[in-house]
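Right, one structure below, let's go through it.
Note that the numbering runs from 1 along the sequence shown for the chain.
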Amino acid sequence: MKVNFDNLRPEERRIILVASDSTYKNLTNKVDYFKTLFFLTPGGYLHIISVLLGKYLANSTYLTPVWENMHSISKQSWFGQMFTKKREILTPHLSPTEAINRFKFDLGGPVDGTAYILNPCIKDHYLLPAIANERMAQEKLVAFKRIAESLGAKTIIIESGELIQKSMEGNASLSLADSAAQIGINANFSSSGTVERCIYAQYDQPKKAPFCPAELESWLIQEPLLRSLVDGRLKANQMSTKLVLKFTDAIDVYANATGELAGKGINVGGSYKDVIDSSWSLDIEFWPKMKK
């Protein structure tokens with residue numbers, strides 16, 4: 001559905017379709033008068049979304065504002081509804097040129113005919129749905145390290161790790177090493193597969209007072225544990241602390257949803273990648289605070 005992105009709030013464009021006119025025409029064709037009936041019945045728009053974009057995507061809590069906004073737009077013109085195309089895609093779409101001028105994408109993006117999901121922690125940055133949760137887990141680790149470093153960390157020690165998820169559907173059993181490799185944690189493992197206590201990161205004494213990078217403040221909203229880490233250091237002058245970082249899927253858009261999108265000809269970035277559920281116990285020691 002073509003919309004004016006100037007009028008959309010971020011929560012109303014959490015999922016977008018990047019498609020040129022010719023690509024969108026290939027994804028949608030033929031007039032379907034019967035579809036109009038669904039717009040006129042309670043819950044009809046959700047039925048259409050379920051049919052066109054997958055019931056799992058339509059029921060995503062993260063994407064609810066998108067569907068509500070699209071339903072509102074569709075009701076504004078009953079005449080336009082009469083000419084709704086058979087496979088009209090009820091999600092905001094824009095051309096690759098407009099997309100690259102408005103938003104940020106990973107290297108090589110945006111790709112014509114591809115769906116993207118808004119990164120909840122980086123303003124106007126979009127991720128491929130298939131890798132969104134894995135990327136969020138990796139970025140959480142990076143955000144933690146940068147925050148700890150900015151707060152004046154001296155050492156970060158991995159005390160232990162725990163695998164919460166033992167296997168994935170259709171796959172062999174998982175190991176804690178699999179989780180570490182997925183999210184980017186460099187840990188030492190014993191022959192039995194358990195984590196051995198080790199130094200994860202070590203820093204020189206900082207040359208300025210502790211602070212939290214402004215571009216990472218959105219993580220403090222998403223992750224209370226990181227907010228507590230920042231408050232403890234900046235407000236209470238903590239010299240050491242212990243915390244447990246947990247990694248799991250952050251966005252409720254899962255394999256079935258991306259699979260159904262792909263089945264309708266929309267690129268989602270490959271096969272969906274689950275985040276292996278795990279938790280990591282860490283011990284942080286800080287340098288004495290430098291004066292501002």
Side-chain angles (χ1 to χ4, degrees), residues 5 8-18 46 49-50 52-70 89-94 99 102-107 109-111 114-144 164-165 168-169 174 178-179 182-185 215-227 245-264 266-280:
F5 275 76
L8 289 185
R9 302 188 305 274
E11 59 268 26
E12 294 171 340
R13 53 174 173 82
R14 284 176 174 165
I15 185 169
I16 61 173
L17 172 64
V18 176
L46 183 59
I49 293 169
S50 298
L52 299 182
L53 294 183
K55 63 181 180 180
Y56 298 96
L57 202 62
N59 291 328
S60 165
T61 301
Y62 184 68
L63 300 179
T64 294
V66 179
W67 308 145
E68 292 177 345
N69 186 60
M70 291 302 98
I89 299 170
L90 298 182
T91 189
H93 96 269
L94 71 173
R102 284 183 176 274
F103 307 124
K104 298 184 286 288
F105 300 84
D106 288 345
L107 185 65
V111 177
T114 302
Y116 290 92
I117 289 180
L118 183 62
N119 187 326
C121 292
I122 300 179
K123 182 180 179 181
D124 291 340
H125 177 241
Y126 280 88
L127 299 165
L128 290 165
I131 65 169
N133 277 307
E134 184 179 68
R135 275 290 304 279
M136 289 301 298
Q138 294 165 353
E139 289 187 10
K140 177 179 177 177
L141 179 63
V142 171
F144 159 71
I164 300 172
Q165 182 180 359
M168 287 184 178
E169 186 177 352
L174 300 169
D178 292 327
S179 173
Q182 182 182 49
I183 59 184
I185 286 184
E215 66 272 19
L216 298 179
E217 289 179 354
S218 59
W219 278 101
L220 307 188
I221 300 173
Q222 299 287 330
E223 297 289 339
L225 183 144
L226 295 181
R227 184 168 64 250
L245 278 182
K246 294 183 178 180
F247 296 91
T248 187
D249 287 328
I251 305 173
D252 59 342
V253 176
Y254 305 114
N256 288 327
T258 56
E260 291 185 32
L261 278 172
K264 301 178 192 311
I266 299 172
N267 180 25
V268 294
S271 300
Y272 178 79
K273 296 182 179 179
D274 279 296
V275 174
I276 303 170
D277 293 354
S278 63
S279 64
W280 300 81

Within the 4.5 Å heavy-atom criterion, are [X] and [Y] side-chain neighbours or not?
X	Y	value
Ile251	Pro120	yes
Met136	Leu127	yes
Thr114	Leu128	yes
Phe105	Val111	no
Tyr126	Val18	no
Phe103	Phe5	yes

Any side-chain to backbone donor/acceptor pair from [X] onto [Y]? Under 3.5 Å, distance only.
X	Y	value
Glu215	Ile122	no
Asn133	Ala250	yes
Glu12	Arg9	yes
Gln182	Ile276	yes

**Message:** Please determine whether side chain to side chain contact (heavy atoms under 4.5 Å, CB included) holds for the pair Phe247 and Asp277, giving the CA-CA distance in whole Å, both sets of side-chain angles, and the decisive distance to 0.1 Å.
**Reply:** CA-CA 6 Å; Phe247 296 91; Asp277 293 354; over 6 Å; no
**Message:** Suppose the criterion is salt bridge (charged side-chain N to carboxylate O under 4.0 Å, His left out): which pairs have a residue in residues 123-132, not counting sequence neighbours?
**Reply:**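 Output for this query lists Arg13-Asp124.
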Pairwise distance [atom1]([X]) to [atom2]([Y]) - rounded to 0.5 angstrom:
X	Y	atom1	atom2	answer
Asn267	Leu17	CG	CG	10.0 Å
Lys104	Leu118	NZ	CG	9.5 Å
Lys140	Cys121	NZ	SG	10.0 Å
Asp106	Ile131	CG	CD1	6.0 Å

**Item:** Chi angles and distances behind the side chain to side chain contact (heavy atoms under 4.5 Å, CB included) call for Leu225, Phe144
**Value:** CA-CA 10 Å; Leu225 183 144; Phe144 159 71; 5.7 Å; no
Provide the closest heavy-atom pair for [X] versus [Y] in the form atom of the first, atom of the second, distance.
X	Y	value
Ser271	Ala130	O-CB, 3.7 Å
Ser278	Ser179	OG-OG, 2.7 Å
Ala99	Pro110	CB-CG, 3.9 Å
Ile15	Pro92	O-CD, 3.6 Å

**Item:** Trace of the side chain to side chain contact (heavy atoms under 4.5 Å, CB included) decision for Glu139 with Asn119
**Value:** CA-CA 10 Å; Glu139 289 187 10; Asn119 187 326; 3.1 Å; yes
